[in-house]
Every structure is written in structure tokens, then in C-alpha cells.
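To keep things clear, I will list the structure first and then write my remarks on it.
In listed order, ligands and their atoms are each counted from 1. Please read these numbers as outputs of a predicted model, since none were measured by experiment. In what follows, residues are counted from 1 in the order of the sequence shown.
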Amino acid sequence: MTSPIHVTSEIGKLKTVLLKRPGREIENFTPEMMPRLLFDDIPYLPIAQKEHDYFADTLRDNGIEVLYLEKLAAEALDAGGDKVRDDFLEQMLTESGYATGTIHDALKDYLGSMNNQDMVNKIMEGIRKNEVDFVPTDLVSAAETEDYQFYMDPMPNLYFTRDPSACIGEGLSINHMTYPARQRESLFNEIVIKYHPRFANKGIHVWRDRNHDTRIEGGDELVLNDHVMAIGVSQRTSADAIQDIAKNLFKDGHFDTVIAIKIPHNHAMMHLDTVFTMINYDQFTVHPGILGEGGHIDTWTITPGKNEGELHLEHRTDLKAVLKDALKLDDLDLIPTGGGDPIIAGREQWNDGSNTLAIAPGVVVTYNRNYVSNDLLRKHGLKVLEVISSELSRGRGGPRCMSCPIVREDI
Ligand SMILES: NC(=[NH2+])NCCC[C@H](N)C(=O)O
């Protein structure tokens, strides 16, 4: 039986990818909510959808099957039946702050009256107080702050499907994410893997599930080849989580090396893939801003230790040398975002100029607005497919963030 998930590199010909078409959730908030929701602006929904459809069409035109999270989630609930739907709803309400109580009951009635697709869409876009038929009379619900508009917050970051889960080999990680704004997202991935007919009971290995306190996000998880991963030590991914997943990958998978790369902990560079991506057998994009004096950066090469369950860590600071050794290459082409010019690099990195999605070795999808980086990629021999990006980029993520590869051909 071939596994429904198969990802043994960042660059192998992409066959199947998971996207989320931006919906009402990306505009269902006010400027005051932006920092907490990890957005820098409020996108204009019709244009964001147009841009996203253009992105999806670009992938389809290149022979890639596009799946949508919102559709898979509803189909998973359809297949799971009443008990699965009820458990999912309870879990979602609990994680939204309503484990019990009259608001819980009112929200459950409200969502419970919908079909699965409407319910999924509604949870994603958020629930305003004024849309639920409910007058609080008990002390706890009456004490809820009146001026806050939402019972359940929107989840505008869902179109960054890269982050709540990551496919690795024939398995995946279903992630406990860092900020409350995104923590509920991976519940959708969990039900898809457990109950969607395409994935359920197919022997998919979950390298690490969402029931953890330590945090990891897919934007930090890069599959370099069938035995080497790079994982960012970042604002979103902790060292503990990296060591935990490394142990599981070494124990039950075909992986023997995890390179942990420490990047600055800030919003513009929240994940490794905002500053570093693999785009060909021996080519990478690198944002010059992550390299310190002399081009150095902290890395730890993690390999299995002497005894079962132990890890061996080697600290090194020459990224190029570390990658060359791990990938057994004589040379490497590290292509600097914005050509290395500090103003252009800063500007283009902010709009995800380093966040390229490879759909085959040497073929990448990028945002058209990063024209300096795009030209440079072409000069380095890459085929660059540009997609439109005025509204999508306001969420601080590019083509790699907006896509979760499910199946790639081996390299
Ligand atoms: N893989 C990525 N770089 N994803 C970008 C996620 C952006 C999103 N606004 C966040 O802060 O979480």
C-alpha cells in the first residue's frame, strides 16, 4: 500500500499539496486585534481570494493536485459520523475557553444546527457575540467583558497551511503551536488525518502530536532529504520540541540527522522558512540578516547518541560547511535575499522574498513583488514562477507558508 503522505525532500516534484482558501476570517477583526492575531494589516478579502486562486491555478497548471483544508475537514466529519462531530465540537469549544457553562451550550446549539461544511467555515471565521441568540443571566457569562465582540476569535492564519502540521517522510507532525491565536488550528489537521477516508487507517506515523506543552511549527521544519532535516530554533519552535521530534524520527523513521538552526526571535522572521529555503539539490535562499559576523550562525547537528533514546549534538557556526557535510555535497550556492543589499534584503524578506516554494528541483514559486530576489534567482539558473501578492503578503507569509506538501516524488 502506498502511503497517502510521502515527502522526502523540500524540492522533489510536488504531486499533492494542502491549501486553505482565505475566507471571512482574514477580515473579521479590527486593528486592535492585529498584533494578537499575528497580522500586520487587514487584507481586502476579494483580492486576497483572487490572488490565492491564482496561486492554486499556478500549482494546478504544473500538474499538482490541490486539496483544501476546509473541505477535507468537513469531509472528515462526514465520514466520522455523529460521535466524531460531537467530540470535535466539544474539543474546539474547550480550546476556545468554553468547556462547560451556558455560553458553551449556546455556542454548541448554534454550531450544532449547521451542516459540517458550514460549521467548519463558521469556526474558522469566528463567532461574533451578536450573531448568537443568547442572553447571559448567570454570573459567569454576565461577567464576560461586554465590549469584546467575539465569543470565538477568527483564525486568519489558517491560509498558512505550512505551520499547524508538517509532512515528513510517510508521516507528519501535528503541531502544538506557540501563540493562542493559532493553537486551535491543528485540531482540523488532526481530524483530517484520523477520519478522512484518504488518510484514516493508512498507517500514517504521527512523529509528534499536538498534545504537548513544548512548541513546534511547520515553518521551521524543512525536510532536506530522506535522512536529513533542518529545524529552526525560533520564536515558534523550542529546543525541547526539536529534541523530542528528533528522537522519534531516529527511532521509527529513516532519518539520522537533524540540523537545528538558531534564527533571530522576532515577528518578521518567525520561522526558519522566512529566512532560509531549499530550492535545488545544492541551492538555498538565505536572508543575509540571519548571518552574524563573518557569516556565522549557531547550528547544532543532532544525530543518534550511543544508547537508544540518546542524542549527540555538535555545535558549529559555518552554515555552508554544515550543510555540505550533511548533504554530502562538494559545493553549495547560498543565494542572498535582495542580492544582499541591506535595504532591499530587509524589504523583500519582510514580504517573504526568502520564502520560496520549490515545486521541482530548481523550479520555484515566489511573490512577484520581490523582483530583486526573483531576478537573482533567475541569474542563478532557477525557473521562477511569480504569483500576485498585494493582499496575501499582509499576513506575513509567502508561497512556502501557504502550502503544505502532502506528496512529492523522491529526488
Ligand atoms: N511558515 C511561515 N513562515 N508562516 C508564516 C505565518 C505567518 C503568520 N501570520 C504567523 O505569524 O504565524
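Every side chain to side chain donor-acceptor pair (under 3.5 Å) that Ser373 has, sequence neighbours left out, goes to Glu348.
Annotation: side chain of Asp410 is not in contact with side chain of Ser9 (no heavy-atom distance under 4.5 Å). His176 is not listed as a side-chain neighbour of Ser186, based on a closest heavy-atom distance of 4.5 Å or more.
Within 4.0 Å of ligand 1, counting heavy atoms only, the contacting residues are Leu38, Asn157, Phe160, Asp163, Arg182, Gly219, Arg236, Met270, His271, Asp273, Thr274, Gly395, Arg396, Cys401.
Two rings, from Tyr68 and Tyr159, have their centers 6.0 Å or more apart.
Using the six-membered ring where Trp is involved, Phe55 and His52 have ring planes that are perpendicular, over 60° apart on the 30 and 60° scheme. Ring-plane geometry between Phe88 and Phe188 is classed as tilted, the angle between the planes lying from 30 to 60 degrees on a 0 to 90 degree scale.
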